[in-house]
Amino acid sequence: MTYRKPLCLGTHALLLCTISELALAQELSETTIALDPILIEGDIIADGPMSTALDPQLAPIAPASDGAEILRQVPGVTAGRMGGHGLELVIRGQQQNQINVIDAGSFTYGACPNRMDPPTAMASFNRADEIIVQKGYSTVTNGPGGSGGAVILKRNPPELDQEVAFSGAVSAGIASNGGGQDVAGRFTYDLGNGLYLQGAGEVKSADNYEDGSGREVRSAYDQRSAGVTLGYVGTGIDLAFDLEYDLAEDILFPGAGMDSPFDETYTYRLRGGVDVAMGALHRIEGTLYYSTVDHVMDNYSLRPVGAMAMRVPATSDTGGGKLEGHFTFGATEAKIGVDYQSNNRNATAFMGMPGMIPLLEAENPARAAFLMWPDVTIAQTGIYAETETALSTATSLIAGLRYDYVHAKAGKAAVTPALGAAPNTYYTAQYGTDFNASRDEHNVGGLLRLEHDLNDDTMIFAALSRSVRTADATERAMARPNWVGNPDIDPEKHHQLDLGVQIDKGSWYLDAKAYADWVQDFILRDQFSVAGVTTYRNVDAQLAGVEIAAGWAQGNWEIWGDATYTYGENTSDNRALAQIPPLQGQISVAYGQDGWRGGARVNWATEQDRIDPSRDPGTTPGYATLDLFGSYALSGKATLLAGINNVTDETYANHLSRSNLFDATVTQVNEPGRTIYVKLEATF
């Protein structure tokens with residue numbers, strides 16, 4: 001079914017002004033709910049019963065925000081803070097490579113062992129036409145893993161108009177708290193004969209912000225990104241080559257023992273598709289990509305140096321591709337494909353007295369202490385098939401099956417750095433093994449989902465799935481005396497049940513979901529079994545949760561809100577899993593007419609006292625904050641946005657945020673205090 005609800009309050013500028021959770025976006029502008037795949041004629045796209053989408057150009061966030069700030073507008077999605085940059089995305093209590101981040105068909109993995117540069121920190125949000133956020137395992141077509149969900153940044157071929165050869169959009173904004181500044185632009189140029197050139201650039205920077213108590217939080221950074229695409233659009237064919245660059249510098253992290261003076265990403269991508277007429281086969285799509293990330297972190301260039309200086313240069317190179325065929329067999333639509341990705345990571349820690357910093361900067365082998373990532377390569381080759389069958393006019397069945405072959409190796413496991421021990425020494429001490437031989441896995445996953453329309457405005461669904469996630473380079477091969485990966489760690493096997501109902505009555509809507517995830521061989525970052533050493537082992541675990549979003553609109557008034565609860569348990573050790581968000585949500589109200597709009601939102605979370613005391617900084621108090629927002633359409637092509645976040649200047653922290661290592665008076669890295677922002681957006 002496809003549901004379209006008329007816009008209640010006017011132009012897309014109304015959505016631009018909001019800083020709500022995505023529930024606002026879902027129901028204020030061209031409000032829809034995700035019953036079947038739905039495409040509406042506006043800013044918000046509901047993409048299925050287990051996913052939601054938004055237009056990144058209209059993302060309701062303050063200027064100079066991290067990429068994950070956009071994503072945590074979605075109900076059920078949150079993020080932990082280590083500083084002002086590189087927030088760690090969490091969906092249904094899962095994070096890191098439990099979530100697939102796919103940027104125009106490509107994967108990029110960060111080069112920081114401490115997660116200073118997660119994929120969302122360097123992805124091209126400014127170039128994406130839409131962002132699909134999947135919660136849970138809803139398709140086998142997104143590559144290996146992804147048990148917690150996926151974030152997909154999509155690029156759509158442009159609609160070329162011979163009468164308008166050049167078009168684009170620009171935006172500029174400033175924020176008071178931390179002096180955030182953001183200037184961005186995009187353009188498309190029609191070269192003729194179906195050829196086009198697209199480009200985009202963004203410059204954003206921020207100083208340290210203050211929390212609600214006036215404490216300075218080290219959160220400054222500078223970031224620049226640019227990209228260009230040469231493409232072709234014809235009848236039944238689209239082809240594009242992308243070249244993209246991202247540079248983040250002087251990034252401060254109160255939640256880490258180091259800062260990052262340099263993080264640079266290059267991405268090369270060839271993507272496209274062609275319609276064919278070969279019996280049941282009607283379309284072929286494919287992607288080839290290669291990305292490189294160069295990262296440096298140290299404890300002396302951006303903070304006072306202690307008794308020992310350390311510098312860690314690291315690299316992460318990812319290459320891969322995907323080829324997929326689309327078929328029609330009567331009432332069944334099918335996707336059959338093959339994909340491949342290979343990620344190689346290297347990280348070496350150089351150490352010395354403060355007077356030896358020039359030797360560390362030169363990466364002198366005589367100062368090498370640890371091979372933190374000893375030339376770790378994880379290659380994954382997958383084949384998959386997924387079908388959607390219309391069992392009747394009201395019922396559809398989605399079925400998928402996936403197989404992945406994993407090959408992992410560590411090329412420098414036996415190499416001994418000048419000041420330390422070989423990685424194998426640490427593996428043997430903790431696990432009685434080494435990484436001289438490669439490790440192979442054969443992983444099988446799949447899903448079944450039944451969707452049924454009870455009537456024209458109500459749909460229910462039930463889904464069963466199995467997804468398998470292999471260990472990443474850190475979990476498998478980290479090599480430091482106090483932090484050791486496990487070469488023999490088994491992959492996680494997630495067995496999930498999802499149930500949901502979605503109702504759209506025109507003036508009000510309800511979207512309710514519940515899920516349970518029984519995890520075999522959960523990869524536990526264990527900081528309690530071996531005193532003073534972080535290790536990795538497999539345990540059994542259970543995750544479960546409820547997600548509810550609802551809204552009502554009448555005339556020029558609208559009210560909407562959401563609530564999410566997540567439960568996580570290490571059932572092998574009978575203790576709570578770490579980094580599980582508490583019951584949290586928001587409620588908003590807005591009024592608008594003609595070209596202006598205003599509203600308010602309350603963000604809230606309850607106390608989280610179900611913690612793993614060895615990893616969570618501590619229990620986190622509940623909070624409630626108030627935001628105000630507004631917008632005014634200056635013309636049909638320009639909109640002025642303004643807002644005040646955290647109006648009452650509350651002091652609070654997200655439970656998922658890191659410990660604040662710079663301020664002993666607080667437990668975690670606190671969120672910003674009162675922040676006033678203004679932003680101008682225009683198209684041409």
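Here the structure is a predicted model, which means the values were calculated and not measured.
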- [ ] Taking all non-hydrogen atoms of both residues into account, name the closest pair between I336 and A385 and its distance.
- [x] CG1-CB, 4.1 Å

Task: Point-to-point distance, once rounded to the nearest 0.5 Å, from CZ of R269 to CG of L243 - done: 10.0 Å

Task: D238 with R271: basic N within carboxylate O range, under 4.0 Å - done: no

Task: Working for side chain to side chain contact (heavy atoms under 4.5 Å, CB included), residues L401 and V140 - done: CA-CA 7 Å; L401 184 65; V140 301; over 6 Å; no

Open item on the list: Closer than 3.5 angstrom, by distance alone: can the side chain of D562 be matched with the main-chain N or O of A549 as a donor-acceptor pair?
Closed with: no

Open item on the list: If you count heavy atoms of other groups shown closer than 6.0 angstrom to OH of Y189, is the number above 12?
Closed with: no

Open item on the list: Closer than 3.5 angstrom, by distance alone: can the side chain of K322 be matched with the main-chain N or O of G143 as a donor-acceptor pair?
Closed with: no

Task: Intermediate values then yes/no, side chain to side chain contact (heavy atoms under 4.5 Å, CB included), T229 and Y196 - done: CA-CA 8 Å; T229 296; Y196 66 89; 4.2 Å; yes

- [ ] Could you check if a side-chain atom of E333 sits within less than 4.5 angstrom of a side-chain atom of F327, using non-hydrogen atoms only?
- [x] no

TODO: Rounded to the nearest 0.5 Å, what's the gap from CG on L89 to OG1 on T120? Could you check?
DONE: 6.0 Å

TODO: With sequence neighbours excluded, give me every ring pair (Phe, Tyr, Trp, His ring centres under 6.0 Å) pair touching residues 271-291.
DONE: none

Open item on the list: How long is the straight-line distance from CD1 of I503 back to OG1 of T458, given to the nearest 0.5 Å?
Closed with: 4.5 Å

Task: Inter-residue atom distance D504.CG - D511.CG, 0.5 Å rounding - done: 10.5 Å

Task: side chain to side chain contact (heavy atoms under 4.5 Å, CB included) partners of K335, counting only residues at least two apart - done: T141, E324, H326

Open item on the list: Looking at D103 and S124, would you say the former's side chain and the latter's main chain have a donor-acceptor pair under 3.5 Å?
Closed with: yes

Task: Residue pair Q94, S147: steps toward the side chain to side chain donor-acceptor pair (under 3.5 Å) verdict - done: CA-CA 8 Å; Q94 300 189 55; S147 55; 2.6 Å; yes

Open item on the list: Once rounded to the nearest 0.5 Å, what's the spacing between atom CG of D275 and atom CG of L281?
Closed with: 10.0 Å

- [ ] Taking all non-hydrogen atoms of both residues into account, name the closest pair between A477 and F435 and its distance.
- [x] CB-CE1, 4.0 Å

TODO: Say whether, by atom type as modelled, one donor and one acceptor occur between the side chain of D66 and the main chain of G86 under 3.5 angstrom.
DONE: yes

Task: Side-chain touch L87/L71, heavy atoms, less than 4.5 angstrom - done: no

TODO: Assess whether side chain to side chain contact (heavy atoms under 4.5 Å, CB included) is satisfied between M50 and D498, documenting all intermediate values.
DONE: CA-CA 9 Å; M50 296 175 65; D498 286 85; 3.6 Å; yes

Open item on the list: Test your reading of the model: is there a side-chain donor-acceptor pair from R449 to the backbone of S138, 3.5 Å cut-off?
Closed with: yes

Task: For R186 against N126, the heavy-atom pair lying closest together - done: CD-O, 2.6 Å

Open item on the list: Quick check: closest heavy atoms across R345 and A473, and the distance to 0.1 Å?
Closed with: CD-CB, 3.8 Å

Open item on the list: Rounded to the nearest 0.5 Å, what separates atom CD in E388 from atom OG1 in T328?
Closed with: 11.0 Å

TODO: Would you please say whether a donor-acceptor pair under 3.5 Å links the side chains of T470 and R476?
DONE: yes

Open item on the list: Between T52 and K135, is there a side-chain heavy-atom distance shorter than 4.5 Å?
Closed with: yes

Task: Heavy-atom pair of closest approach, residues P581 and Q579 - done: CD-O, 3.8 Å

Open item on the list: Taking I523's backbone N and O only, do any of them form a donor-acceptor pair with R525's side chain (distance below 3.5 Å, no angle check)?
Closed with: no

Open item on the list: Just so I know, are the side chains of I548 and Y565 near enough to count as touching, which here means a heavy-atom distance under 4.5 Å?
Closed with: no

Task: Test item: F522 and L577 side chains (from C-beta on) under 4.5 Å apart, heavy atoms - done: yes

Open item on the list: Is there a side-chain contact between D161 and D190 in this structure, where contact means two heavy atoms from C-beta onward sitting under 4.5 Å apart?
Closed with: no

Atom pairs and distances, donor-acceptor, side-chain atoms in residues 462-469, under 3.5 Å, two or more places apart:
from: R466; atom 1: NE; to: V444; atom 2: O; distance (Å): 2.7
from: R466; atom 1: NH1; to: H495; atom 2: NE2; distance (Å): 2.9
from: R469; atom 1: NE; to: E492; atom 2: OE1; distance (Å): 3.1
from: R469; atom 1: NH1; to: N97; atom 2: OD1; distance (Å): 2.4
from: R469; atom 1: NH1; to: E475; atom 2: OE1; distance (Å): 3.1
from: R469; atom 1: NH2; to: E475; atom 2: OE2; distance (Å): 3.2
from: R469; atom 1: NH2; to: E492; atom 2: OE2; distance (Å): 3.0

Open item on the list: Between Q380 and N443, does the side chain to side chain donor-acceptor pair (under 3.5 Å) criterion hold? Intermediate values first, please.
Closed with: CA-CA 10 Å; Q380 304 184 71; N443 299 328; 5.6 Å; no

Open item on the list: Which label fits Y245 and Y266: parallel for a plane angle under 30°, tilted from 30 to 60°, or perpendicular past 60°?
Closed with: tilted

Open item on the list: Measuring centre to centre across the rings, with the benzene-like ring taken for any Trp, is H452 within less than 6.0 Å of F461?
Closed with: no

Open item on the list: For a quick test of reading the model, state the closest non-hydrogen atom pair linking D117 to A111 and the distance between them.
Closed with: OD2-N, 2.9 Å

Task: Carboxylate-amine/guanidinium proximity below 4.0 Å for D375 and K412 - done: no

- [ ] Would you check if N538 and N486 make a side-chain contact, meaning some heavy-atom pair closer than 4.5 Å?
- [x] no

Open item on the list: Keeping E547 on the side-chain end and Y515 on the backbone end, is there a donor-acceptor pair under 3.5 Å?
Closed with: no

Open item on the list: Main chain of P491, side chain of K493: is a donor-acceptor contact present, judged purely on distance under 3.5 Å?
Closed with: yes

Task: Backbone N/O of N455 and side chain of D453: donor-acceptor pair under 3.5 Å - done: no

TODO: State, without any angle test, whether T188 and Q198 hold a side-chain donor-acceptor pair at a distance under 3.5 Å.
DONE: yes

Open item on the list: With heavy-atom distances below 4.5 Å as the criterion, would you say the side chains of Q134 and N142 are in contact?
Closed with: yes

Open item on the list: Checking side-chain polar atoms at under 3.5 Å, does D317 have a donor or acceptor matched by the opposite partner on T292?
Closed with: no

Task: Main-chain N/O of T267 paired to E244 side chain as donor or acceptor, under 3.5 Å - done: no

- [ ] Determine, step by step, whether L543 and I580 satisfy the side chain to side chain contact (heavy atoms under 4.5 Å, CB included) criterion, reporting the C-alpha distance in whole Å, the side-chain angles of both residues, the deciding distance to 0.1 Å, and the verdict.
- [x] CA-CA 9 Å; L543 294 159; I580 300 296; 3.9 Å; yes

